[in-house]
Amino acid sequence: MKMLGGLEMGTGSFGGAGSGALGRSGSGAGTRSIVDRIKAAFGGGAAEFFSWRSSGVGPDAAKADQLVRDTLKGRNVGGFLLKVLTSATVNGCFDDLFKLSAMLRDGQWEPIAAEFGIGNGPGCFADLASRMLERNQGGGETAREVANSTILDVLIAVCGSDDLFLDGTADQILASVHVEVLDSLSGHFLGALLWRDLQRELPPLQAAEIPVVKDAAQRLADHLIERFDRRFHADGVSHRDLLRTVTDNQQWTLDKLREKAA
């Protein structure tokens, strides 16, 4: 099985995924500890999301939206995210994904192999992800980790499965491309990046919470893209210019990341 090296998931303000009170289900001291710590760090709105663990009713989507917003407001997390978004590594990988998107639409593997220096045998898509990261340096280890995991998420969405990503041949990849992902590449990229950054900041999430928080991250990404279109489309700015525009309009971006999605 192929893996991309150097990626440690789930680290951050509250530590990585693991055991202990932050990682277990149930009520009592463990749940209370999470709520108290989240409230102290991010405020009562974010803490409410985890209160379901004692009630057992299931995680709430609206509270997940609030959790994401409050997390980005807390302790300059949003400012840190901007540093990641504007890093050379993340910007370079974003540009490479747009290059790849155009080549995949053409349905020919040879230009992809030539551009990224990869073959066409089993695992070529995983090799491509590694090459993207190798050729886009700069921005520090954290930016590389976030870029790494974001590339994984986007390319797995493009081909449709972990197995194809890890072991598929070029012909299998080309036959399995999800065009709808290519059509909304900037939204998928930003949603994946927000999700991976949130994983660094939040306590370990339970299985039932992961898709709810991940969907909330994607809703926020879609909201930012919609605001981006409304603000910059008339100036002739395309989605491929998203991260360059973020770099030039950092306070605007931070404000939109922290506002309630429509």
Side-chain angles (χ1 to χ4, degrees), residues 7-75 77-78 80-81 145-146 149-150 152-154 156-158 160-163 165 178 180-181 184 187-227 256-262:
L7 180 63
E8 295 181 7
M9 297 308 303
T11 59
S13 304
F14 288 84
S19 59
L22 289 178
R24 291 195 295 265
S25 60
S27 59
T31 301
R32 189 71 261 152
S33 174
I34 288 177
V35 174
D36 289 343
R37 293 176 69 184
I38 288 287
K39 186 174 182 179
F42 304 120
E48 287 184 8
F49 174 77
F50 293 98
S51 64
W52 80 272
R53 295 186 182 185
S54 58
S55 67
V57 298
D60 181 80
K63 291 179 179 178
D65 290 336
Q66 186 66 48
L67 170 70
V68 171
R69 291 195 303 275
D70 284 0
T71 300
L72 292 175
K73 291 176 183 177
R75 299 181 305 168
V77 175
F80 173 78
L81 176 61
E145 289 180 4
V146 174
S149 50
T150 300
L152 289 175
D153 287 346
V154 173
I156 289 170
V158 168
S161 77
D162 292 2
D163 289 342
F165 172 79
H178 287 236
E180 70 276 9
V181 177
S184 57
H188 277 276
F189 183 90
L190 183 58
L193 190 145
L194 283 171
W195 161 241
R196 293 302 190 173
D197 192 63
L198 285 166
Q199 283 186 301
R200 297 181 56 84
E201 299 298 334
L202 295 172
L205 298 175
Q206 295 180 9
E209 295 166 344
I210 290 173
V212 180
V213 177
K214 194 172 184 179
D215 286 347
Q218 188 60 58
R219 282 193 294 274
L220 180 57
D222 293 342
H223 170 72
L224 182 62
I225 296 294
E226 186 272 332
R227 292 294 189 182
K256 299 311 170 189
L257 286 170
R258 290 171 170 173
E259 73 181 16
K260 186 175 182 179

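Remember, it's a predicted structure, so these values are computed and weren't measured experimentally.
Note that CD of Gln66 is 8.0 Å distant from CD of Glu48, once rounded to the nearest 0.5 Å. If you take CZ on Arg258 and NZ on Lys73, they are separated by 8.0 Å, rounding to the nearest 0.5 Å. Atom-to-atom distance recorded for Asp153:CG and Lys214:NZ is 5.0 Å, nearest 0.5 angstrom. Rounding to the nearest 0.5 Å places CD1 of Ile210 at 7.0 Å from CD of Gln199. The line from OG1 of Thr71 to CG of Asp197 is 10.0 Å long, rounded to the nearest 0.5 Å. In this structure, the separation between CG on Asp215 and CH2 on Trp195 is 9.5 Å, given to the nearest 0.5 Å.
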### Task
Could you give me the CA-CA distance, side-chain angles and deciding distance for Leu202 and Leu67, then say whether side-chain contact (heavy atoms from CB on, under 4.5 Å) is met?
CA-CA 9 Å; Leu202 295 172; Leu67 170 70; 3.8 Å; yes

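What you find for Ala217 and Gly191 is that their closest heavy atoms are CB-O, 4.2 Å. Across Arg53 and Leu205, no two heavy atoms sit closer than the pair NH2-CA, 4.2 Å. Here the shortest heavy-atom pairing between Val212 and Pro59 reads CG2-CG, 3.8 Å. Taking all atoms of both residues into account, the shortest heavy-atom contact from Lys63 to Ser51 is NZ-OG, 4.1 Å. Across all their heavy atoms, Ala208 and Trp52 have their closest contact at CB-CH2, 4.2 Å. For Val154 against Phe189, the heavy-atom pair with the smallest separation is CG2-CA, 3.8 Å.
A 4.5 Å side-chain heavy-atom check between Phe49 and Asp60 finds every atom pair outside the cut-off. The side-chain heavy atoms of Leu72 and Leu220, taken from C-beta on, include a pair separated by under 4.5 Å.
For the side chain to side chain contact (heavy atoms under 4.5 Å, CB included) test, residues two or more places apart in sequence or in another chain that qualify with Asp65 are Arg69, Ala216, Arg219. For Lys256, the side chain to side chain contact (heavy atoms under 4.5 Å, CB included) partners are Leu224, Arg227, Trp252, Glu259, not counting sequence neighbours. Residues meeting the side chain to side chain contact (heavy atoms under 4.5 Å, CB included) test with Gln218, sequence neighbours left out: Ala221, Asp222.
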